[in-house]
Amino acid sequence: MKIVKAEIFGIHLPLKEPFIISYASYDYMPSIIVRLETDNGLEGYGEAVPDEHVTGESFHSTISMLKHTILPALIGFSPINMEKLHQKMNELISSNPSAKAAVDIACYDLLGKYKQEPVYNLLGGQYHDTLTYPKVLSIEEPDLMARKAKNAIDQGYQSLKLKVGTSYLEDCKRIAHVREQVGMEIPIRVDVNQGWRNVSTALQAIKLLEHLNISWVEQPIKMGDIHGLGEIRQKTSTPLMADESIHAGEDLVEIIRNQAADKINIKLMKCGGIYPAIHMAKAAEYAGIECQIGSMVESSIGSAAGYHAAISRKNIISTELTGPLLFSKDIGDLKYDIPYVHLSDKPGLGIKVNEDVLKELTIQYDSIEKG
């Protein structure tokens, strides 16, 4: 089985309402869908959701990298050889993880269809019986976030993720209002997205929150400051999760060395796809660190890929791939039933792509074929 054709669909996924985090506000999510075709007639789908603030890639740079560098070199390549695939992509270009993730995911989709197995069976089988996800709340006024949190619990959500990262005092007010509305027993995770910037501010904020039974605080300070994360962890009692500070395995080594996090947030778009994500989760398990598979607000394709990775690993204890719930139109059919997601046992990712919606949402298209 060899790749004979690659297609790139640059799309804009429409959001039901703006998605607001500490460093950006989105009215739609730009995404790049990759479709690979093999010489035995199979098609595999992958997805890239780049973020200039996190992965260093833009929508247009990712399309260009796929079109001119990565995909032409993979025509004639077998998607079965996953180790060689990643070696080849890494030799072609440094970094650019979301572009590599799109190819990785599409190849796993192909491999699952070729083997007639769901992707999770290629990763060790289904370890977890179920997968749940939290209600993710964007940054808004404290009273509004509290009302939305209460509504989410009434709808059946069992946990909440609060986006913060503005003034730390205002953030603490947001979190306290939510806790007052939902009670002390509902798990609340707090995602700062680097917004508190430095150690001293983060320490002040976390100490103000310690009586609110927060499940964990995610990435309170700027990415790259792993020593700072370690200092925060030593001086506070609330569990700490690293997100933007961990992209590749090398970052995990530094986090382990500095005892800088209780948990890590693995995102396929940051690390380059399913294959490196599984390796990172296993390395973290050896160090006693729990993992989450996080979201860059992907469609059903990227979200399903993350869930296949999550369900197969013992120490991936949480997920939050809720992008499809935020879109007014999605290109796939991943099944959500609050607070559970249901992976198909069909071959590959198990996602049926709506070609009409894909065409409707496409703003840029390119095709690479065997010459």
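Predicted, not measured: the structure shown is a model, and the values here were computed from it.
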_The criterion is salt bridge (charged side-chain N to carboxylate O under 4.0 Å, His left out); which residues satisfy it with Asp154, sequence neighbours excluded?_
Lys150
*Distance-only, no hydrogens or angles: does the Lys135 side chain make a donor-acceptor pair with backbone N or O of Gln155 under 3.5 Å?*
no
_Let's go through Phe59 and His12 carefully: what are the C-alpha distance in whole Å and the side-chain angles of both, what is the deciding distance for ring pair (Phe, Tyr, Trp, His ring centres under 6.0 Å) to 0.1 Å, and is it a yes or a no?_
CA-CA 10 Å; Phe59 177 75; His12 284 173; 5.6 Å; yes
_Ile331 side chain reached by Asn354 side chain, heavy atoms, under 4.5 Å_ = no
*Find the distance between NE2 (His308) and CG (Leu268) and round it off to the nearest 0.5 Å.*
11.5 Å
*Check the surroundings of atom NE2 in His227: do more than 12 heavy atoms from other residues, nucleotides or ligands lie under 6.0 Å from it?*
no
*May I ask whether Met1 and Leu85 are part of the same hydrophobic cluster, defined by side-chain heavy atoms of I, L, V, M, F, W, Y residues being less than 4.5 angstrom apart, directly or through others?*
yes
_Least distance between heavy atoms, Arg179 atom then Asn213 atom_ = NH2-O, 2.9 Å
*asked:* Quick test of your reading of the model: are Glu210 and Lys207 salt-bridged, counting only N-O distances below 4.0 Å?
replied: no
*Could you tell me whether the side chain of Met29 reaches within less than 4.5 Å of the side chain of Glu298, counting heavy atoms only?*
no
*Val253, Ile226: one ILVMFWY side-chain cluster at the under-4.5 Å cut-off?*
no
*asked:* Suppose we screen for side-chain hydrogen bond (donor to acceptor under 3.5 Å, both in side chains). Which residues come up paired with Lys161, at least two apart in sequence or across chains?
replied: Asp191, Glu218, Glu320
_Closest heavy-atom pair and its distance - Pro239, Ile214_ = CD-O, 4.3 Å
*Test Asn81 against Ser78 for side-chain contact (heavy atoms from CB on, under 4.5 Å), laying out the working first.*
CA-CA 6 Å; Asn81 297 322; Ser78 172; 3.9 Å; yes
_According to side-chain contact (heavy atoms from CB on, under 4.5 Å), who are the partners of Ser61, at least two apart in sequence or on a separate chain?_
Glu57, Ser58
*Closest approach of His247 and Val54, non-hydrogen atoms and distance?*
CE1-O, 2.8 Å
*Any residue meeting side-chain hydrogen bond (donor to acceptor under 3.5 Å, both in side chains) with Asn258, in chain and number order, not counting sequence neighbours*: none
*Between Lys88 and Glu91, is there a salt bridge with N-O shorter than 4.0 Å?*
no
*Among all residues two or more places apart in sequence or in another chain, which pass the salt bridge (charged side-chain N to carboxylate O under 4.0 Å, His left out) test with Glu244?*
none
_Check: Ser299/Glu47 side-chain N/O donor and acceptor closer than 3.5 Å_ = yes
*Salt-bridge present (Asp51, Lys270; N to O < 4.0 Å)*: no
*Apply side-chain contact (heavy atoms from CB on, under 4.5 Å) to the pair Val192 and Tyr168, showing each step before the final yes or no.*
CA-CA 10 Å; Val192 191; Tyr168 82 91; over 6 Å; no
*What distance separates Leu71 CG from His68 NE2, expressed to the nearest 0.5 Å?*
11.0 Å
*Could you tell me whether the side chain of Val49 reaches within less than 4.5 Å of the side chain of Pro30, counting heavy atoms only?*
no
*Decide yes or no for Lys282 and Asn315: does some side-chain heavy atom of the first lie under 4.5 Å from some side-chain heavy atom of the second?*
no
*Do you know which two heavy atoms are closest between Pro276 and Cys271, and how far apart they sit?*
CG-O, 3.3 Å
*Could you note down all residue pairs passing ring pair (Phe, Tyr, Trp, His ring centres under 6.0 Å) where residues 311-366 supplies at least one of them, sequence neighbours left out?*
Phe9-Tyr365, Tyr133-Tyr336
*Mind checking salt bridge (charged side-chain N to carboxylate O under 4.0 Å, His left out) for Lys359 and listing every partner two or more places apart, or none if nothing turns up?*
none
_I'd like to know whether Leu212 forms a side-chain contact (heavy atoms from CB on, under 4.5 Å) with Ile188, so could you lay out the CA-CA distance, the side-chain angles of the two residues, the decisive distance to 0.1 Å, and finally the verdict._
CA-CA 9 Å; Leu212 294 178; Ile188 293 176; over 6 Å; no
*asked:* Salt bridge check, Asp109 against Lys113: does any charged N sit closer than 4.0 Å to a carboxylate O?
replied: yes
*Give a yes-or-no answer on whether the side chains of Lys115 and Asn121 include a donor-acceptor pair shorter than 3.5 Å.*
no
*Minimum side-chain heavy-atom gap Pro134-Arg189 below 4.5 Å*: yes
*Can you sort out the partners of Ala261 under side-chain contact (heavy atoms from CB on, under 4.5 Å), two or more places apart, ordered by chain and number?*
Ala242, Ile255
_Over 12 non-hydrogen atoms of neighbours within 6.0 angstrom of CD in Gln259_ = no
Show the atom names and distances, to 0.1 Å, of all donor-acceptor pairs under 3.5 Å that link a side chain in residues 141-149 to residues at least two apart or in another chain.
residue, atom, partner, partner atom, Å
Asp143, OD1, His177, NE2, 3.2
Lys148, NZ, Glu17, OE2, 3.3
Lys148, NZ, Glu140, OE1, 2.7
Lys148, NZ, Glu140, OE2, 3.4

*Passes side-chain contact (heavy atoms from CB on, under 4.5 Å), Leu15 versus Tyr26? Steps please.*
CA-CA 8 Å; Leu15 289 160; Tyr26 298 92; 4.0 Å; yes
_Looking at every non-hydrogen atom in both residues, tell me the closest pair between Gly294 and Leu321 and how far apart they are._
O-CD2, 3.4 Å
*Would Lys314 and Glu290 count as a salt bridge (charged side-chain N to carboxylate O under 4.0 Å, His left out) if you check the C-alpha gap in whole Å, the side-chain angles of each, and the deciding distance to 0.1 Å?*
CA-CA 9 Å; Lys314 179 172 64 175; Glu290 293 181 323; over 6 Å; no
*State, with a plain yes or no, whether a side-chain heavy atom of Trp216 is found less than 4.5 Å away from one of Asp262.*
no
*asked:* If I compare all heavy atoms of Ile186 with all of Val182, which pair ends up nearest, and what's the gap?
replied: CG1-O, 3.6 Å
*Spell out, yes or no, whether Val164 and Ile20 are grouped together once hydrophobic residues are joined by side-chain heavy atoms under 4.5 Å, including indirect joins.*
no
_Partners meeting side-chain hydrogen bond (donor to acceptor under 3.5 Å, both in side chains) with Ser200 (sequence neighbours left out)_ = Asn198
*asked:* Is any side-chain heavy atom of Gln219 closer than 4.5 Å to one of Ser245?
replied: yes
*Can you name the residues that form a side-chain contact (heavy atoms from CB on, under 4.5 Å) with Lys346, not counting sequence neighbours?*
Ser344
_Could you check whether any side-chain N or O of Lys84 sits under 3.5 Å from a backbone N or O of Pro79, counting only pairs where one atom can act as donor and the other as acceptor?_
no
*May I ask whether Ile316 and Met241 are part of the same hydrophobic cluster, defined by side-chain heavy atoms of I, L, V, M, F, W, Y residues being less than 4.5 angstrom apart, directly or through others?*
no
_Pairs where residues 265-298 contributes a residue and the test ring pair (Phe, Tyr, Trp, His ring centres under 6.0 Å) is met, not counting sequence neighbours_ = His86-Tyr275, Tyr275-His279
*With the side chain counted from C-beta on, respond yes when Ile11 and Ile32 share a heavy-atom pair under 4.5 Å apart, and no when they do not.*
no
*Look at atom CD of Glu83 and say whether more than 12 heavy atoms of other residues, nucleotides or ligands are closer to it than 6.0 Å.*
no
*With Ile368, which of Leu66, Ile8, Ile3 fulfils side-chain contact (heavy atoms from CB on, under 4.5 Å)?*
Ile8
_same_hphob_cluster(Val119, Ile278) at 4.5 Å side-chain heavy-atom cutoff_ = yes
